[in-house]
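A short write-up of the structure that comes next.
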Amino acid sequence: MTNPYEPGRVGLLLIDTMNDVFSEDGKAYPTFKDEFERIGTLKNLKRLLAGARERGFPVYFAPMSYTEGDYTSWKHVSGVHHEMFDNRLFEAGSWGAEFHPDLSPREGEIVITPHKNIDVLANTDLDVQMRQHNTEYIAIAGMVGTMCVESTARSCMEAGFHVTTFTDATAAVGGRPAYDAMVLRYPLISHATLTVDEFLAAAPPPVA
């Protein structure tokens, strides 16, 4: 039986691994601090990224950023955008909109154009990049699990990609109750919902 996670068709998408979310001085970090510690989110993301690199998977980094014009000129501002705009989250050119040092792209890894809404596939060059790099099976991790990760997973599934979501490489807005509801939804919009350990075990590194 063919392993679906064979190199050559698998990629890893990391969403919003930015200082504003993952660094202790980040503007959004206090919102997620308790859940990050409970789940082990940062530690698990680091292991997932290292494992993907070891296996030769293409890694796609999807940042979010907003300009002064975005903050001040949008006609229709949704609830999530009010949260970000009011707090100047992911301000273009700022430290907060830079990648966390432990979750940053290396030379040759793919940085997607910054997304302005919560669906990365619908609002960036992600689809083109995945097809150009032969990615048919996409593993999606990062933040926020109930927003950008979930929306992007749904769109990738609808577009015909094989989607893997994670229970321990993300976190939810709303704490443990929201997290529990999220991990119940993930199997409905994914082809696999795994822990980082399960994913890495299913995709063994190449034999030297």
Side-chain angles (χ1 to χ4, degrees), residues 10-68 70-71 80 83-85 87-118 120 123-126 129-130 133 135 138-150 152-153 164-173 179 194-197 199-200 203 205:
V10 183
L12 172 64
L13 172 63
L14 295 182
I15 301 177
D16 294 343
T17 56
M18 324 302 292
N19 282 326
D20 263 347
V21 177
F22 286 101
S23 292
E24 291 185 3
D25 293 331
K27 293 177 181 177
Y29 181 81
T31 302
F32 304 109
K33 176 179 182 294
D34 290 346
E35 281 295 276
F36 283 169
E37 291 176 356
R38 182 184 70 81
I39 298 165
T41 304
L42 180 57
K43 174 188 68 176
N44 292 330
L45 282 167
K46 289 163 62 176
R47 291 194 302 112
L48 177 60
L49 176 56
R53 286 169 169 163
E54 181 184 14
R55 288 156 177 78
F57 296 162
V59 182
Y60 305 89
F61 291 83
M64 176 176 273
S65 71
Y66 296 99
T67 65
E68 182 64 25
D70 296 327
Y71 292 135
V80 66
E83 288 289 324
M84 290 187 286
F85 288 12
N87 293 288
R88 295 294 175 115
L89 286 168
F90 308 116
E91 187 170 2
S94 72
W95 171 85
E98 294 176 0
F99 289 105
H100 185 281
D102 293 333
L103 300 171
S104 295
R106 292 178 177 173
E107 185 176 353
E109 293 178 329
I110 305 125
V111 179
I112 303 303
T113 54
H115 58 108
K116 307 287 186 180
N117 289 310
I118 61 175
V120 177
N123 291 283
T124 71
D125 59 333
L126 176 61
Q129 294 285 8
M130 288 198 295
H133 293 86
T135 297
I138 188 68
I140 305 175
M143 289 296 285
V144 173
T146 45
M147 304 288 287
C148 296
V149 172
E150 186 167 349
T152 304
T164 298
T165 48
F166 294 92
T167 59
D168 59 351
T170 188
V173 173
Y179 168 88
L194 306 173
T195 65
V196 169
D197 283 341
F199 175 73
L200 296 179

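What you see is a predicted model, and the numbers here were worked out from it, not measured in a lab.
- Residues passing the side chain to side chain contact (heavy atoms under 4.5 Å, CB included) test with Pro63, sequence neighbours excluded: Met18, Phe99, Val111, Pro114.
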From CA spacing to verdict: side chain to side chain contact (heavy atoms under 4.5 Å, CB included), Thr170, Met143: CA-CA 6 Å; Thr170 188; Met143 289 296 285; 4.0 Å; yes
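- In this structure, OG1 in Thr41 is found 12.5 Å from NZ in Lys33, a value given to the nearest 0.5 Å.
- Under the salt bridge (Lys or Arg N to Asp or Glu O under 4.0 Å) test applied with Asp102, the options Lys46, Arg47, Lys43 reduce to a single match, Lys46.
- A heavy-atom distance below 4.5 Å is found between the side chains of Leu194 and Phe199.
- In this structure, CG in Leu13 is found 10.0 Å from OG1 in Thr135, a value given to the nearest 0.5 Å.
- For the side chain to side chain contact (heavy atoms under 4.5 Å, CB included) test, residues two or more places apart in sequence or in another chain that qualify with Val173 are Phe32, Val144, Thr146.
- Residues Tyr60 and Val120 have side chains not in contact (no heavy-atom distance under 4.5 Å, counting atoms from C-beta outward).
- Cys148 SG to Ile15 CD1: the interatomic distance, rounded to the nearest 0.5 Å, is 6.0 Å.
- Of all heavy-atom pairs spanning Thr152 and Ile118, the tightest one is OG1-O, 3.7 Å.
- Nearest heavy atom pair, residue Ala169 against residue Val196, reads CB-CG2, 3.9 Å.
- Within the 4.5 Å cutoff, the side chain of Leu45 has no heavy atoms near those of the His100 side chain.
- For the atom pair CG (Leu48) and CG (Leu12), the distance works out to 4.5 Å, reported to the nearest 0.5 Å.
- Between Ile140 and Ala153, the shortest heavy-atom contact is CD1-CA, 3.7 Å.
- More than 12 heavy atoms of other shown residues, nucleotides or ligands fall within 6.0 angstrom of atom NZ in Lys116.
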Asp125 vs Thr113, side-chain hydrogen bond (donor to acceptor under 3.5 Å, both in side chains): CA-CA, chis, key distance, verdict: CA-CA 6 Å; Asp125 59 333; Thr113 54; 3.1 Å; yes
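- Nearest heavy-atom pair, Asp168 versus Ile39, reported as atom, atom and distance to 0.1 Å: CA-CG2, 3.6 Å.
- Counting heavy atoms from C-beta on, the side chains of Tyr71 and Glu68 come closer than 4.5 Å.
- Contact between Leu200 and Gly51 at its shortest, heavy atoms only, is CD2-CA, 3.9 Å.
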List the atom pairs, donor and acceptor, that lie under 3.5 Å between side-chain atoms in residues 19-28 and the rest of the protein, sequence neighbours left out.
unit_1: Asn19; atom_1: OD1; unit_2: Ser23; atom_2: OG; d: 2.7
unit_1: Asn19; atom_1: ND2; unit_2: Trp95; atom_2: O; d: 2.9
unit_1: Asp20; atom_1: OD1; unit_2: Lys27; atom_2: N; d: 3.3
unit_1: Asp20; atom_1: OD2; unit_2: Phe90; atom_2: N; d: 2.8
unit_1: Lys27; atom_1: NZ; unit_2: Asn87; atom_2: O; d: 3.3
unit_1: Lys27; atom_1: NZ; unit_2: Arg88; atom_2: O; d: 2.9

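- A pairwise comparison of heavy atoms in Leu49 and Leu103 identifies CD2-CA, 4.1 Å as the closest pair.
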